[in-house]
Amino acid sequence: MSVDLNQTNIDIDDPNFKQIFTHLQGNILKSHGRDHSRHLFIKFKDNTTTSRKWVREFADKITSTLEQESQSTDFKKNGNNHLFINLMLSRSGYQALAIDKSQWPTDKAFLAGMKDLNQQYDTTPRLDDKRQHHHPKANPLNDDLSDWEAPFKSTIDGLIILAYGRQPSVDFAIADAAAEQYLDKQVAQLTCELEAVAEVITVQQGHVMRNDKGQVIEHFGFVDGVSNPKFLFSDLQEDFKNGGFNHYDPSASLHTVMVKDPGGNASSYGSYVVYRKLQQNIKGFWDRLALLAGTINEVSGSSEPINAEYAGALCVGRFKDGTPISEQATNGWTNLFNNFNYDDDINGLRCPLHSHARKTNPRNDTLRQFNAPPTIERSRRIVRRGISYGSTDLLPAHEWTDAGLLFLSLQSNIEQQFIFMQNTWCNNNNFLKKDTGLDPLVGVPSPKTKPAAQTWPKQWGNNDLTGNPPITFEFSGFVKNRGGEYFFMPSINFLKQL
Ligand code: HEM
């Protein structure tokens, strides 16, 4: 049966959703929650019949939304660990499996593929973006394919995600090593099984990193994965208890992330996936933060000098511990609630307009600036399910470390959500206002333009230190895309009947 995708606050046990959640892959409406993962990028061999048979059989092992839920209960109650599995296909995957075109997902970016830098991106002015583009623009992400790792430059037909958690009540280091070992074994088995069907082009290894409080962090050291659209009653209840929704409502309609799977039946739904391997220059980032802090202190002449961590919070929009800088001038929030907006900081004097969290979720800024309806701003939201990779050890004779984020976002429309966010917000010097500058974390200038220097507040909430010039300082370039692809995560019942 089909359902109204405008619904939110879904009870996962609602019988009306039983069929749909039996066929919908896990990790879409709720994160699978495992700390370790392997991402196997595959290319099918020539024998379509064998490949389809393999997919059909493998579909039985994919973790559905309902299975993920029962596994999670089993883990919490009995400590039983379960292997989590997702399978997704790229446009070339649909082609390689000779799937009838009437069953293909229709998203424009998905059909073009991420490597197609000539893909025409429609930048007609929209209600929440008043730039005067009147022509379609190519390469909306400003990707530089020469930075891409070789495997990502080749054809990728599919991506399999295997994920496994650490065993509870076992020493962390031992449990982590055991989970890694278990996944290595699974990868070896699967690679063997795939031998006749597909080539494994590359395997990426993801692992969750945590701070002293056990919170998830990314490689620059900031708590990550705090703010995400929420679909399920249980998740919303948790957020509600943790601070309420009167300043920011994290609920999202199913339409944000689910679309009908054109290959399945009335109860088949899927989601579009953006995958990007984003390498982080940890040393460069922190060295530059120290310089930024020094510059702010020098120009502002403030009697309360700031440090690199504070400068980092100006870039991210949150302190390392997750405290939003729009809410207070120091870190130290005891919980990670998400119930804030920028209404009391419209000029960005606490949290700069260019900061990463503000660019990627302006929390009412576009309503004020462009008079755009809130529904449009909220419709840009993406579901983030990325995981860190690599270690922080410096490569010999290199500033960059082989570490970063295996960025993975889910959405119902790649162009209107992920691409819009990266192109029109992060990569745009003139969002929210003229000369705001790039997102200091992930903004990439177009090859023809230079990143403009961002303007930084002299003191928290105060730019009026008399006689002092504005503080301008260019901050970008510490995250590099090393490859990626667009996928569709089909319904399990579609894959089972291939
Ligand atoms: C939030 C780091 C890439 C979209 C955050 C936060 C951090 C962070 C520390 C704040 C914590 C939170 O609210 O969860 C990074 C790093 C990246 C990266 C280190 C690359 C290596 C991206 C990309 C996008 C993106 C490429 C999309 C274009 C978002 C969104 C939020 C967020 C939507 C939530 C903002 C909010 O709702 O307040 N990121 N991020 N991130 N990031 Fe990223």
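These values consider heavy atoms only, across backbone and side chains, with no hydrogens, waters or symmetry-generated copies. Quick note: residue numbers are just sequence positions, from 1. Just so it is clear, the model here is predicted, and its values are computed rather than measured. Just follow the structure's listing: the first ligand is 1, and inside any ligand the first atom is 1.
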Inset, instruction - Would you please indicate yes or no on a ring centroid separation below 6.0 angstrom for Tyr275 and His39? - result: yes
Inset, instruction - Scan side-chain atoms only and decide if Ser227 and Arg381 contain a donor-acceptor pair under the 3.5 Å cut-off. - result: no
Legend entry - Ring-face cation of Arg358 near Tyr342 (centre distance under 6.0 Å, axis angle within 45°): yes
Legend entry - Over 12 foreign heavy atoms within 6.0 Å of CD, Glu238: no
Legend entry - Short side-chain donor-acceptor distance under 3.5 Å, Thr73 and Gln71: no
Legend entry - ligand 1 contact on His219 by region, counting heavy-atom pairs under 4.0 Å: neither
Inset, instruction - Tell me whether the guanidinium CZ or amine NZ of Lys359 lies under 6.0 angstrom from the six-membered ring centre of Phe431 and within 45° of its axis. - result: no
Legend entry - Single hit among Phe110, Phe407, Trp425 for ring pair (Phe, Tyr, Trp, His ring centres under 6.0 Å) with Phe418: Phe407
Legend entry - Arg363 N/O under 3.5 Å from ligand 1 N/O: yes
Inset, instruction - List nothing but the number: protein N/O/S atoms under 2.8 Å from atom 43 (Fe) of ligand 1. - result: 1
Inset, instruction - Kindly confirm or rule out an N or O of Val226 lying under 3.5 angstrom from an N or O of ligand 1. - result: yes
Legend entry - Heavy atom of the protein closest to atom 26 (C) of ligand 1 (residue, atom name, distance): Gln422 OE1, 3.5 Å
Legend entry - Distance-only donor-acceptor check, side chains Arg482 and Gln279, under 3.5 Å: yes
Legend entry - Donor-acceptor pair between Glu377 and Ser379 side chains, under 3.5 angstrom: no
Legend entry - Proximal ligand 1 atoms for Gly225, defined as those under 4.0 Å from one of its heavy atoms: 12 (C), 14 (O)
Legend entry - N or O contact, Gln280 vs ligand 1, cut-off under 3.5 Å: no
Legend entry - ligand 1 atoms in contact with Ser227 (distance to a heavy atom under 4.0 Å): 12 (C), 13 (O), 14 (O), 34 (C), 36 (C), 37 (O), 38 (O)
Inset, instruction - Please confirm whether Arg34 makes a cation-pi placement over Phe84, using NZ or CZ under 6.0 Å from the six-membered ring centre and within 45° of the ring normal. - result: no
Legend entry - Atom indices of ligand 1, in the order listed, that fall short of 4.0 Å to a heavy atom of Val316: 9 (C)
